[in-house]
Amino acid sequence: MSLKETVLSNLKRVMDPELNINVVDLGLIYDVTFPEEGAVSVIMTLTTPGCPLHDSITSGVRYCLEELEEFSKVDVELVWEPAWTPEKMTPDGLRQIGR
Amino acid sequence: MNPSAGNETNIKLPFSFIFLSMLSLIASQVLLLMHGDFLIDGQFRIPGIWSAAHLFILGWALMIAMGAMYQLVPVAFLTPIWNEKFGFAQFGVTAIGTLSFAHFLYHDPQNALIPGIITLIGILMFLFQMLMTLRKQAKPNILTLFVGTALVCLFLTIGLGIFMLYSMQSGAGASYYLSIFKSHLLLGMAGWFTLLIFGFSYKMVPMFSLSHGYSMKPAQFVYPFYAGGLLVTIISFFIDSPIMLTLGLLLQLIGFSIFIYHISLILKKRVKKKLDRSFTFALIAILSGGIIHLAAFISALIGSFSKIVGPLLFMYLFLWIAFSIIGYLYKIVPFLWWTAKYSKVIGKKDVPALKDMVNDRASTPVFIGLVIGIVGVAISLFIGSKMLFIISQLLFILACVMFCFAIIKVITK
């Protein structure tokens, strides 16, 4: 399993509590990069700007990454552009939502 | 806005409003039950019913709207509440004012001015809080216009209410009393509550249905038609013009109809196929509001508005305003509690989903009880049946208690 796959697999533990779908299958994770040894950077979004679960979900993502022994430095950036659309969901995510 | 900055409100603030509002809800309905004889006889303007009406509207609907706004304004406008400590002080003043106002209206209406002024101060504090909060919004939008106008209407409603109390004591402006009274009702119900529910529905409907890619253009037509309709209707009260009244009600109907059409367009773009029952109830309330606006317009057109305005206001207050609030609360309260209890442990351990916080299926009998109860009360008032009134009102109270129980049960999750 590549390092990126490990990260995404771990992030699947973070669920959106309204939809009960994890952030990866919801398509909220836009990018995962490794800027230097022991560092990970995630660019992510939420389904709605000003989503009330804002802090909860981003801190959940941060915690899941800090927990991995491969990383000593974690950066989570929340962006609204490009805006999330349902097309960003994985087939698994779409299936869970009944589509 | 810095996307990393949290906007969440201390949940004790909205919960303070929500819990007090539930006590007011039950108390107001019990008070109405006790005054069934007067209601059946069509005697609405007596102290006990004044007290129940204000306890229901100020103690329940307004308190809950304030509590919900402390939660929803940061979500909808992406800006934190200006001053939470001031919010707690505002809660205290408004609670004392509202409860003592209801008490004085019941026992000593001639001396209700002072508690009315305390209520006014509490509401002014709330308006100041919202003004300071909305000022910080980086990019005002159409929602700001709806909510901002609703707040202005609230201010005017309370101002006119206080003037009526002053007029009762001093006789000042007595010739305009009826016009002011009608404007007070219109601004309070259609101005404040309807515009507020419109504004927040534009945020909550897409959020709870996961709708994306819809246009917000129809909202630009909803606002001028509806707000213009309110203005024309108020003018009609002061110049006593049936034509202006009909025109004002037509404009409101057009505005409301565009709103319904717009919400249906938003829902067509939804990702979430199966909607929660409580949310569906809030959507049915929107449709009910539209039907009542249609009935108001038709009755004005055929010249019978003044005969049925009482039952129409009653239905508007319950089927549209109260049921919208109840439907949305089933979604808002679990979210509030979930955030307080689980937001720090998400990703660390398994946490319940929001749907696990409240039994959505169990909300169906509550909604059925509320609808049957209120329709029964309306019919009993229309045909003058005391027995039907007592049975229907008891059913309504039972459904209210079940609703409050469901909301309180959330905090045990």
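Sequence lines set the chain letters: A, B, ... in the order given, protein chains first and strands last, and positions in each chain run from 1.
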Participant: Rounded to the nearest 0.5 Å, what separates atom OH in Y342(B) from atom CE in M15(A)?
Facilitator: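 Going from the OH atom of Y342(B) to the CE atom of M15(A) covers 15.0 Å.
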Participant: With a sphere of 6.0 Å drawn around NZ of K409(B), does it hold more than 12 non-hydrogen atoms of other residues, nucleotides or ligands?
Facilitator: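 Count not over threshold, so no.
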Participant: Which bit of K331(B) comes within less than 4.5 Å of chain A, counting heavy atoms only: side chain, backbone, both or neither?
Facilitator: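 Contact with chain A involves the side chain of K331(B) alone.
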Participant: What part of L210(B) gets within 4.5 angstrom of chain A, counting heavy atoms only: side chain, backbone, both, or neither?
Facilitator: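 For L210(B), the contact with chain A is made by the side chain alone.
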Participant: State whether the number of non-hydrogen atoms from other residues, nucleotides or ligands found under 6.0 Å of K12(B) atom NZ is greater than 12.
Facilitator: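 Atom NZ in K12(B) is not crowded, with 12 or fewer foreign heavy atoms closer than 6.0 Å.
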Participant: Between S343(B) and S59(A), which heavy-atom pair has the shortest distance, and what is it?
Facilitator: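 For S343(B) and S59(A), the tightest heavy-atom pair comes out as O-OG, 3.9 Å.
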Participant: Where do S56(A) and I346(B) come nearest, in terms of heavy atoms and distance?
Facilitator: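 Closest pair (atom of S56(A), atom of I346(B), distance): O-CG2, 2.9 Å.
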Participant: Quick check on E69(A): does its CD atom have over 12 non-hydrogen neighbours (other residues, nucleotides or ligands) under 6.0 Å away?
Facilitator: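 Atom CD in E69(A) is not crowded, with 12 or fewer foreign heavy atoms closer than 6.0 Å.
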Participant: Verify the neighbour count for atom CZ of F88(B): are there more than 12 heavy atoms of other residues, nucleotides or ligands below 6.0 Å?
Facilitator: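 Above 12, so yes.
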Participant: So how far is it from H212(B) NE2 to K88(A) NZ, rounded to the nearest 0.5 Å?
Facilitator: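 Between atom NE2 of H212(B) and atom NZ of K88(A) there are 11.0 Å.
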Participant: Chain B contacts: which residues in residues 60-68 of chain A have a non-hydrogen atom closer than 4.5 Å to it?
Facilitator: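 The residues closer than 4.5 Å to chain B, in numerical order, are G60(A), Y63(A), C64(A).
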Participant: Would you compute the distance between atom CG of L354(B) and atom CG of L19(A) and round it to the nearest 0.5 angstrom?
Facilitator: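 CG of L19(A) is found 9.0 Å from CG of L354(B).
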Participant: Is F405(B) atom CZ crowded by more than 12 heavy atoms from other residues, nucleotides or ligands, each under 6.0 Å away?
Facilitator: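 Result for CZ/F405(B): open.
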